[in-house]
Trainee: 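Before I ask anything, let me first share the structure, which is written out below as structure tokens.
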Amino acid sequence: MGAGHAHALYVHEHSAVHRLAPEAKLAAALSFIAAVAVTPREAVWAFGLYALVLALVLAAARVPPRFLFLRLLGILPFVAFAFLIPFVATGDRVEVLGIEVSGEGLWGAWNILAKATLGAATSIGLAATTEVPKLIEGLGALKVPAVLVSIAAFMIRYLELIAEELGRMRMAMAARGYDPHWLGQVKPIAAAAGAMFVRSYERGERVHSAMLARGYSGVMPVLRPAGAGWFDWLLAMTLPLTGVVIAAVALVVT
Amino acid sequence: MSHPVSVADLHFAYPDGRQALSGVTFSVGKGERLAVLGPNGAGKTTLALHLNGLLRAARGTIRIGDLEVTDDNLVEIRRRVGLVFQDPDDQLFMPTVAEDVAFGPANLGLEGDELEGRVDEALAAVEATNLRQRVPHHLSGGEKRRASLATVLAMDPGVLVFDEPASGLDPAGRRELMETLVGLPVTQVLITHDLPLALELCPRSVILDEGRVSADGPTAGLLGDDELLARHRLEMPYRLDGRKSGR
């Protein structure tokens, strides 16, 4: 991983979307997803419009289509069961490609697939244009409780460290000929997980000591750079506003 | 005049009963750079945690300037004594270096331009201005070390306490760190088993072993006493011996 930019989810570009204040982007992404979620599944045209609008934003942010596609594959395990619904659901049967399936089930599958894909694509767009520290900053600016913001920040800060530690531990095990093939051999893995837990706990204590040493008194100090201007909000909100209009029309006509 | 740091008859035992310090006494003069040497398990880190009030003495006293370390003046003690931890990953926990450097002074109540000023000064003092917006996890060992030093300098301490300052650094990083330390106009306590580092940076050393100060004197003299070193499981690397290098 490069030294400069932190995350595999981030696309290093200098677009207008990248420059928007993180809190405006977070709020915009969340409200857009909400608009998508309340849209009736029968309004197929609305989902097409959502996809179009989102594609325009992602193009403006210069998020490569291939990047988006590869990241979207991540939702596959979650939508996999959506494909089962037409076969197991009850109700009127319809024939698709020579197979008889439930019509109600087909709509159910479509509903999950369309909304999950749009929701994931929106989140990918947000993560691709906003660095992790900025996202944390945005959560704070949106008045998410400070404890939750701190927990998220700590988790992100130490997750990679713990993953690296786990990797080293696995390598050390492999170096001594550990090559598990059957269930009876999992004991060392359980022991390693236990050791990881203790190490992380101890690190937590050391980090807490280091914080106390610098005058921490139980409340994270507020370090807030200049907030989002009205222009940021206006620009960011064009996405969810468009979404809300589409959702409203879809609700009325369906 | 009171010493920046004076420790008298300090005793401490961990909750599991292990006696870590059993009567430590020493003091550090203003602007002095003192090395606290000792083998693993001598109580060095335990001592470091006491100097900043993170651990509380079971018996004995610690004074920082005219102030005794007690519950009532912990905030001021922690402002006066900057503690640089052995593992920078324990020290750097905020999403960016700049936020981490701002953490201490913000806890002291600084904000706005004053806080920004402190962050800028501290980063400049360790030549880390370019690390400002970097994510701590992705810094090199030497950069992490400089960043953690900046987080402490930002609190404007009169005393700096380092726990194994050079551990994990490559020779160039170690050289840079030493140059940085020499350039800092504050009283410094270096807790280490790195004897060449002590010899180069600290005119005076104390040897801590089994929770007691067993020697206190000019570093070159202590490190020239092979028998003393051997008794306390300390060794000069070959050819770096104080006498042989002509210091």
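Every chain is numbered from 1 and lettered A, B, ... according to where its sequence line falls, protein lines coming before strand lines.
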Trainee: I'd like to know whether CZ of B:R56 has more than 12 heavy-atom contacts from other residues, nucleotides or ligands below 6.0 angstrom.
Mentor: yes
Trainee: With chain A as the partner, which of B:Q133, B:E116, B:Q91 has the greatest number of non-hydrogen pairs under 4.5 Å?
Mentor: B:Q91
Trainee: Any ion pair linking B:D194 and B:R174 (charged N to carboxylate O, less than 4.0 Å)?
Mentor: yes
Trainee: For B:F93 and B:F103, what are the C-alpha separation, side-chain angles and deciding distance, and is it a ring-ring contact (aromatic ring centres under 6.0 Å, His included)?
Mentor: CA-CA 10 Å; B:F93 60 90; B:F103 176 78; 4.9 Å; yes
Trainee: Counting heavy-atom pairs under 4.5 Å to chain A, which of B:D87, B:L74, B:V81, B:V75 comes out on top?
Mentor: B:D87
Trainee: Using a strict 4.0 Å threshold on nitrogen-to-oxygen distance, state whether B:E121 and B:R118 make a salt bridge.
Mentor: no
Trainee: Do the charged groups of A:R199 and A:E205 touch, with an N to O distance under 4.0 Å?
Mentor: no
Trainee: Which of residues 231-242 of chain A have a heavy atom under 4.5 Å from any heavy atom of chain B?
Mentor: none
Trainee: A:Y216 versus chain B, heavy atoms under 4.5 Å apart: side chain, backbone, both or neither?
Mentor: both
Trainee: Does the cation-pi check pass for A:R71 over A:F67, that is, NZ or CZ under 6.0 Å from the six-membered ring centre and within 45° of its axis?
Mentor: yes
Trainee: Among A:S150, A:A153, A:S209, which residue has the highest count of heavy-atom pairs closer than 4.5 Å to chain B?
Mentor: A:S209
Trainee: Is it true that atom CD of B:E127 has more than 12 heavy atoms of other residues, nucleotides or ligands lying nearer than 6.0 Å?
Mentor: no
Trainee: Chain A heavy atoms under 4.5 Å from B:T151: which part of the residue, side chain, backbone, both or neither?
Mentor: both
Trainee: What are the two closest non-hydrogen atoms of A:A60 and A:S15, and how far apart are they?
Mentor: O-CB, 3.3 Å
Trainee: Are there residues of residues 42-54 of chain B whose heavy atoms fall under 4.5 Å of chain A's heavy atoms? If so, which?
Mentor: B:N52, B:L54
Trainee: Is B:E143 salt-bridged to B:R134, cutoff N-O under 4.0 Å?
Mentor: yes
Trainee: Identify which part of B:I77 has an atom lying under 4.5 Å from any heavy atom of chain A, answering side chain, backbone, both or neither.
Mentor: neither
Trainee: Can you spot which of B:L181, B:L177, B:T180 makes a side-chain contact (heavy atoms from CB on, under 4.5 Å) with B:V126?
Mentor: B:T180
Trainee: Does a side chain donor of either B:E32 or B:T187 reach within less than 3.5 Å of an acceptor in the other side chain?
Mentor: no
Trainee: Could you check whether B:T96 and B:E99, counting side-chain N and O atoms only, form a donor-acceptor pair closer than 3.5 Å?
Mentor: yes
